[in-house]
Amino acid sequence: MYAVTAHIRTSRDANTTSQVAEISRRLSQAAGPQHRLEHMYVRPSPDGVYAVLFVIAPDLTTAEKCVLQLYECARLDEVAGCGLDSCGVRLITPMAEISLRSQMS
């Protein structure tokens, strides 16, 4: 299983519960067996949201492709006014990085 992080830029303030919920809902509804999605969580970032999608795949390349295809199927660009800034497996997830930095301060 791979934890693929997608940074999704939004056209409006994503620090609202409704924006995060809308992106999460669209991704969940678009997910099919071909996307190999086990579960996910979506959290706000300063300029959008981070979606961490847990994908069951035989290798890293396949996992990242599944998430890219899911993003396209969710039609977030055209329907919700979003844009995909990055998509990949990170050694430390953005939320963990924030937590670690705050503990070090």
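Throughout, residue positions are numbered sequentially from 1 according to the sequence presented.
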Separation between CD1 of Ile23 and OG1 of Thr10, rounded to the nearest 0.5 Å: 6.0 Å
Where at least one partner belongs to residues 65-74, residue pairs that pass side chain to side chain donor-acceptor pair (under 3.5 Å), sequence neighbours excluded: Tyr71-Asp77
Any residue meeting side-chain contact (heavy atoms from CB on, under 4.5 Å) with Ala30, in chain and number order, not counting sequence neighbours: Leu70, Cys73, Ala74
Val42 versus Ala51, closest heavy-atom pair with distance: CG2-CB, 4.0 Å
Straight-line distance of Glu22 CD to Ser24 OG, nearest 0.5 Å: 10.0 Å
Partner set under ring pair (Phe, Tyr, Trp, His ring centres under 6.0 Å) for His7, not counting sequence neighbours: Tyr50
Gap between atom NE2 of His35 and atom CD1 of Ile56 - 0.5 Å precision: 14.5 Å
Evaluation steps, side-chain contact (heavy atoms from CB on, under 4.5 Å), between Leu84 and Leu76: CA-CA 9 Å; Leu84 186 61; Leu76 289 170; over 6 Å; no
Leu53 side, atom CG; Glu38 side, atom CD - distance, nearest 0.5 Å: 12.0 Å
Minimum-distance pair of heavy atoms, taken over all atoms of Ala57 and Tyr2: O-CE1, 3.4 Å
Whether Tyr41 and Phe54 hold their rings parallel, tilted or perpendicular, with breakpoints at 30° and 60°: tilted
Set of side-chain hydrogen bond (donor to acceptor under 3.5 Å, both in side chains) partners for Thr62, sequence neighbours left out: Asp59
Validation row: Leu37, Cys66 side chains within 4.5 angstrom (heavy atoms): no
For Gln34, all residues meeting side-chain hydrogen bond (donor to acceptor under 3.5 Å, both in side chains), sequence neighbours excluded: none
Counterpart residues, side-chain hydrogen bond (donor to acceptor under 3.5 Å, both in side chains), relative to Arg9 (two or more places apart): Asp85
Minimum heavy-atom distance Cys82-Ile8, with the two atoms named: CB-CG2, 3.6 Å
Non-hydrogen atoms of Val52 and Ala3 that approach each other most closely: CG1-CB, 4.0 Å
Exercise: identify the closest heavy-atom pair between Val67 and Ala6: CG1-CB, 4.5 Å
